[in-house]
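Take a look at the structure set out below.
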Amino acid sequence: MTKPQSASVKVCKIAIPVPLHRLFDYLPPDDVDSSQLKPGIRVSVPFGKSCKTGVLIEICRHSEIPNRRLKAIEKVLDAQPLLSQQDMRLLHWASRYYHHPLGEVMATAFPVALRKGKAAQGQHEKAYCLSEKGELVQPEQLQRAPKQQAMLALFQQSSTPLNAAALSAWQRNWRGTLKALRDKELVTETRLAVIPAPPTPAQPTLKANPQQQQAIDDICAARGEFAVFLLEGVTGSGKTEVYMQVIDQVLQQDLQILVLLPEITLTPQLEQRFRQRFAAPIVSSHSKLTDNERLNAWLQMQQGTASIMLGTRSALFTPLKNPGLIILDEEHDSSFKQQEGFRFSARDVAVVRARNLHIPIVLGTATPSLESLYNVKQKRYRLLHLPKRAGNAIEPKFQLLDIRNKKIQDGLSDLLISEIRKTLEKQEQVLLFLNRRGYAPVQMCHSCGYVSRCRRCDANMVIHYDENRLRCHHCGAEQSLPRQCPACQSGELRSIGLGTERIEKTLAELFAANKVVRLDRDTTQRKGSLENYLQRINRGDADIILGTQMLAKGHHFPNVTLAALLDVDSGLFSTDFHSAEKLAQMIVQVAGRAGRAEKQGKVILQTRQPDHPLLVTLLSKGYQAFARTALEERRLALLPPFSHQALLRVHAMNAEAPQVFLNAVKNVLTAINPGKTLVLGPVPAPMAKRAGQFRFQLLLQSEQRKELHSLLDRLIAEIEQIPESKKVRWSLDVDPVDLY
DNA sequence: AGCACGCCGACT
DNA sequence: GTCGGCGTGCTC
């Protein structure tokens, strides 16, 4: 039985996570009192053939859609909105600023469990412990089942119940073994309390040096008001200590702290330090946790039962019952910018969030982004500078190693090899950095020149000898490694270029007596394996550490005294104007890994461009000087931050459609453009074909942010009218950081 | 983005 | 004769 529809029927505007720039109208559910329909609650609605979880935005009297076509909300999921009005405002702002559909923006504020419509209730996490029987059984009694034997021993050694995360860290396929032990009633299931056990006694705070104290005082003086601090300090300058002492004071006011970090790899380390220090509930949120773990963490911050959250980019929108402070560490790191879908910058949105909440935010880094330095110049951010701590590590010595016309074996020059040997003889560790994984980026036939290209991308397949496969790093396509040239059937296939896997094999030959550890996405894919490697390295159970990006991200390797970047040149010649900044940050960050104790470190950069101004300025005058020069270049070229950009990206299966569409867009733009905004393109994307899709882009640039944004508003309305838009998929990237 | 509908090639 | 390829269109 349905209610008679009176003239005063209300219409609910729902934000649904689909890439469409509009809200969807629904009738209120017939069994629910309208007082329960508060903006911000989640609702389940029929959408097309399926059901989706959306957020109620507003209730109005009328709909543009004829009433008889309206469907009713199926279910109200929340009694109260889970997000505060301020956070809803922030999401509306982000949707407008990034010109991204509100439904998708709203969805990113919720953990996956809530996006799927789960109730906003904490889930007690499953854990396992020994049964009474299990405590008595000797593992040796399970002779015919070595895996069960090992797991039983693990339980007998552990003083606490083990959860899924702990078991995964122990072994990848633990579920089968666990089931066998539970069937034998040696292990039983328990539930872990949501709130962690009473924390360990807090460690005493260290005595801050004068500069640290100044920073702490400045930040604390801004409590309860909006202020942005750029905390610049090289590795070893004691940034974390500043964070912790400020956090301590915020905790004393019973306020919460949100700490954002670039990658999950850093979270466990910092979490451990925080747990030793604070007698306050700490939760973390990153992609290696299960949906329920992340839901629990989110709810505990929302309800105020946890005081500190450590999380990655997606933790930015975690609701805070009593917000007190936001800390964003490694602010220069480009992983704070989401690179698909809702392409937001967690750093920039975090600043806006702090402003809305009237709380301070601290951006920490050893290598500030040019945008942040510019904001300091504009007096929008306050700079706090921590010099290197006296008595701590000595500045590493840089050496530009000119490898032109030098003998070089798989990317390692003779001079570098002898430096490595010298370091190893002193029982010290070596760190080698190459930002390319796999064995070699190209496989080529020596007799006919055939190259193994990806069928779906404008890219070559990368050789992975370890798995005996060819892989495309852009679409994930793979095939087994051919033994013969597929084109001419000759056996002369060669590996061209370098990857970490190849260097690893060369190092194993050159330094057969030493242990080499390779850290890249291929070797650290498994949960907990990076932590295992890092422990190994710090135990001294590794002599040469070789790896990609992830090496440059803040890990402490106290015994490394030689760091080398095997190929800096590939970073020098990119079309993207950000690349110089990224390379400089990378060099400084890698250098930060070397020589941290009393031993002076050495940093070697292999290059065929020893006179390149970027390298010369950076090495002779330091990062600050480099940044000044780079900013001046941006100013002269009117590039960001001296102008503002938005990139319209388009892709389609059809090769012509993207360009045809963008030409039409350009025509529209010339008609509505007030004149000062530059329209550059359309041009093919740097990788014109990727995963079978043809890609084009159009860049808009303006000195006035307002002008750019009002143009984008009008453009989006017009785009939907362009007939060609139906044949392509398009998206906007506001403040793009890389043009891929 | 999903998802269904719809019209043309290689299979039982 | 059908299964299924992806071009097209729609979602309140």
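Each chain gets a letter, A, B and so on, in the order the sequences are listed, and its residues count up from 1.
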SB check A:Asp87 A:Arg353 (cutoff 4.0 Å): yes

d(CZ, A:Phe47; P, C:dC12) in whole Å: 6 Å

Listed nucleotide nearest any side-chain atom of A:Ile65, set B:dC3, C:dC12, B:dA1: C:dC12

Sugar-phosphate, base or nothing in reach of A:Pro46, heavy atoms under 4.0 Å: sugar-phosphate

Side-chain N or O of A:Arg729 closer than 4.0 Å to phosphate OP1/OP2 of B:dA1: yes

A:Lys726 side-chain proximity, nearest of C:dC12, C:dG9, C:dT8: C:dG9

Distance-only side-chain donor-acceptor flag, A:Tyr97 / A:Asp735, under 3.5 Å: yes

Touch class at under 4.0 angstrom, heavy-atom based, for A:Tyr26 against every strand present: sugar-phosphate

Note: A:Asp522-A:Arg471 ion pair, threshold 4.0 Å (strictly below): yes

Residue-phosphate contact under 4.0 Å: A:Arg69 side-chain N/O, C:dT11 OP1/OP2: yes

Spacing of A:Lys52 atom NZ relative to B:dG2 atom C1', expressed in whole Å: 6 Å

Rounded interatomic separation in angstrom, taking CD1 from A:Ile14 and P from C:dC12: 12 Å

Integer-rounded Å distance: C:dT11 P and A:Lys71 NZ: 9 Å

Nearest listed nucleotide, side chain of A:Lys49, among C:dC12, B:dA1, B:dC3: B:dC3

Between C:dT11 (P) and A:Leu70 (CG): distance, integer Å: 12 Å

Touch class at under 4.0 angstrom, heavy-atom based, for A:Ile16 against every strand present: nothing

Distance in angstrom units between A:Asp25 CG and C:dC12 C1', rounded: 6 Å

Basic-acidic side-chain contact under 4.0 Å: A:Arg42, A:Asp78: yes

